[in-house]
Each structure stands twice: as C-alpha cells, then as structure tokens.
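Being a predicted model, the structure only gives us computed values, none of them experimental. Numbering of ligands and ligand atoms starts at 1, following listing order.
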Amino acid sequence: MTATAAAVGLSHSPLIGKNDPEPDVLARVDQAVDKARTFVRDFDPELVVLYAPDHYNGFFYKEMPPFCLATEAHAVGDFGSQAGRLSVDPDAARDLAQGVLDRGIDLTVSARMTVDHGFAQPLEILFGGIDRVPVVPVFVNGVATPLGPVARIRALGTAVGEAAAALDKRVLFLASGGLSHDPPVPVLDGAPPRVADALIEGRPPTPEQRAKGEQRVVQAGRDYAAGSTAMIPINPAWDNLLLDHLERGELAEFDSWTVEDMGKQGGGSAHEVRAWIAAHASLAAASGEYEMTSRFYEAIPAWIAGFAVTTAKGR
Ligand SMILES: O=C(O)CCc1cccc(O)c1O
Ligand SMILES: [Fe+2]
C-alpha cells in the first residue's frame, strides 16, 4: 500500500542566494533539496499542510496567537520571496480547523493571513511557486515570547494529523524553519518605543524601511560567516539531537524541552523547530508509524542557519 501521509522538513533562510556558502556546501544542499523534490513528486500530495513561523510581517503583539490556521493567505514578498496569494484550499482549511477545534485545541483561524518568506520559500523551492499546490497554512509562533510548552505544539500537530486523516487525501506535512539560529530579529522586551510600537502595531514598512531591515540581516550573515559577531553560534549537536528524536519518532521527548533551554542552546529563533515538531506529530497521528527516508544537516553561518532537509513517510 502506498503511504497516504508524508512529511518534509526544510530549513529556510532569507539569505539563500544573497549570501551563499562555499560551492561544495551549496552543492550538498542542492543535492538534499533535489532529493526532497523527487520525494514530493513521487508522493504526489493532494494537499500540503504547511507549518511555518512569521518574522513580524503577519503577526504582531497587538494580538499574538501561539498558532493560527488560514483559509486564505497572502505573502508580502520580503527578501525577494514571491509575493501574492497562496493557493489555499479553503474547504480543506475549514475542515481541518473544525477537526482541530473538535479535538479540544483552541485554534485561532485567519480568513486572510499575511505570511512572509517562512511560508513562501519552501513552496517556491519544492513546488516552484506559492500558487502551485493546494495548501493549508498553519502559522506556529517561533519568535515572539512568551511561548507556551512544546507539548501544546505536539498536541496541535497530533490534532491536525488526525483531522487530516479524515479528509481521505494524500497529505504532505511540510515544516519550514530552524534549526538552531540566532538572527537579528527584534525583541519586544526592552525595545525602544519606536521598535516596540512597530512590533505591536505591525504597520507595513515603507520600501526604504524594508530594504534597510533586510540589508541589516544580510550584513549580519556576512559578519556571522566571518566569525565576528555576538550572535549565539549554530549548535550542530543540539540540531542533531532534535533530528535524532524526529527520526526515531520520539516526539514525546520534546515535552520536557523548555523554552529557556531551547533559546540558550539554539538561539532566539530556535523556537522555529516547533514547526518541525508539529509536522512530525501530524505524520505520526495520520499514519501511526513513519520512517525518515532522508536526512541532511549542515551548519551554514552565511545563511544564519542550522540547515536541515528531511523526508519521511507513513508506513
Ligand atoms: O528577520 C527576518 O525576517 C529574517 C530572519 C532570519 C535570518 C536568517 C535565517 C532565518 O531563518 C531567519 O528567519
Ligand atoms: Fe525564520
């Protein structure tokens, strides 16, 4: 019997193509991504449930949900990623939302979500665009503290997986983000009033403001690769421990991981691994057992990313 559920994990970085590592590293990444593309083509998903974080382009402190499912979504086109409407499957989105709520998870639903490179990049890399495949976007807060226990993200993923199994479709659970990385994302706590106001209100930046912010991240990547920076280093041991647990299906292990320790080990944006935990919890719930069929990892300072690509399918 062919599997009816699968998962792909794909780290993202807005610096891909802007600040690339050495050619041999790039070649290894390309090979891993090609493998994931082939995996996805062979699986031929009828629906993609995409778990991804946001970087203060769609979600702000005026109200910051721990997670949110979209019935419609628009990408802002930050860092040169594709802008415009995602090909959201509204019926599947509504069915999944109801199924998750029925299972006792207090899901926020957005009828018009704003998303950034976190959502756009994996769709562009794997499918050639943000409008090529029916998708249900699920925002998972991986940046804006305070954050709740990881167990709740696993519970979200499980509920989505159970609800997805009832759709009677081949579903790919796609995770975007992580792993360990500490990019210069602004922090509300202690921010000067102008920055705090931007993080709370979320007024769209002017093109000049956006360009300036993006240039700051590109420069941070150059400094990071050159070794001259105060950012927390990429942590391959921690990243591989996470991948080990995902590979072995030891998802309950993450329940004892604390927000504080994750930030210390993996940097301020390490919480993006919540997307990976959700996606694999969904696959486990939809298919009982799963097998990780490929696993790639490399620390890539130029991209400010503990960069991983994995594929997994239900047995
Ligand atoms: O602030 C932003 O919009 C981008 C931050 C950022 C930088 C490098 C790698 C990432 O994964 C990331 O999210
Ligand atoms: Fe990110």
Side-chain angles (χ1 to χ4, degrees), residues 9-21 25 29 33 50-61 67 75-83 114-125 137-145 147 174-188 191 195 198-199 202 204-205 207 209-226 229-235 238-239 242 262-263 266-279 297-309:
L10 182 56
S11 295
H12 64 238
S13 169
L15 304 180
I16 295 175
K18 293 189 166 54
N19 201 16
D20 282 339
V25 176
V29 172
V33 167
L50 172 52
Y51 293 101
D54 178 64
H55 313 78
Y56 298 112
N57 286 296
F59 288 89
F60 302 92
Y61 274 107
F67 35 75
V76 295
D78 59 324
F79 291 93
S81 59
Q82 193 182 343
T114 300
V115 303
D116 65 17
H117 68 272
F119 285 84
Q121 191 171 82
L123 293 174
E124 289 185 71
I125 289 177
V138 182
F139 159 72
V140 179
N141 180 17
V143 179
T145 56
L147 297 168
L174 176 54
S176 169
L179 305 183
S180 64
H181 64 312
D182 194 35
V185 177
V187 175
L188 180 61
V195 175
L199 295 179
Q209 285 169 330
R210 187 177 285 291
K212 207 172 142 196
E214 293 182 3
Q215 192 46 47
R216 201 168 58 94
V217 176
V218 171
Q219 189 55 49
R222 298 204 172 122
D223 295 346
Y224 206 29
T229 169
M231 293 188 286
I232 295 170
I234 294 167
N235 188 341
W238 186 78
D239 290 340
L242 177 107
M262 290 170 80
S269 289
H271 307 293
E272 289 187 355
V273 301
R274 287 168 176 247
W276 290 65
I277 293 167
Y297 176 80
E298 184 126 0
I300 307 181
W303 289 349
I304 319 183
F307 198 93
V309 188

- Query: Is there a donor-acceptor pair closer than 3.5 Å between any side-chain N or O of Asp116 and the backbone N or O of His55?
  - Reply: yes
- Asp78 meets the side chain to side chain donor-acceptor pair (under 3.5 Å) criterion, sequence neighbours left out, with Ser81, His117
- Query: Does Asn57 use its side chain to pair, donor to acceptor, with the backbone of Val115 at less than 3.5 Å?
  - Reply: no
- Message: Glu214: which residues meet the salt bridge (Lys or Arg N to Asp or Glu O under 4.0 Å) condition with it, sequence neighbours left out?
- Response: none
- Query: Does the side chain of Trp303 reach to within under 4.5 Å of the side chain of Pro21, using non-hydrogen atoms?
  - Reply: yes
- For ligand 1, the residues whose heavy atoms come within less than 4.0 Å (ordered by chain, then number): His12, Ser13, Pro14, His55, Phe79, His117, His181, Pro183, Val185, Val217, Glu272, Trp303, Ile304
- Task: With sequence neighbours left out, write down each residue that passes ring pair (Phe, Tyr, Trp, His ring centres under 6.0 Å) with Phe59, or none if nothing qualifies.
- Result: Phe139
- Gln82 side chain to Glu124 main-chain N or O, any donor-acceptor pair under 3.5 Å? no
- Message: Can you tell me which N/O/S atom of Glu272 has the shortest distance to the Fe ion (ligand 2)?
- Response: OE2
- Item | Contact check: His12 to the Fe ion (ligand 2), N/O/S below 2.8 Å | yes
- Measure from the Fe ion (ligand 2) to each N, O or S atom of His117 and report whether any distance is below 2.8 Å. no
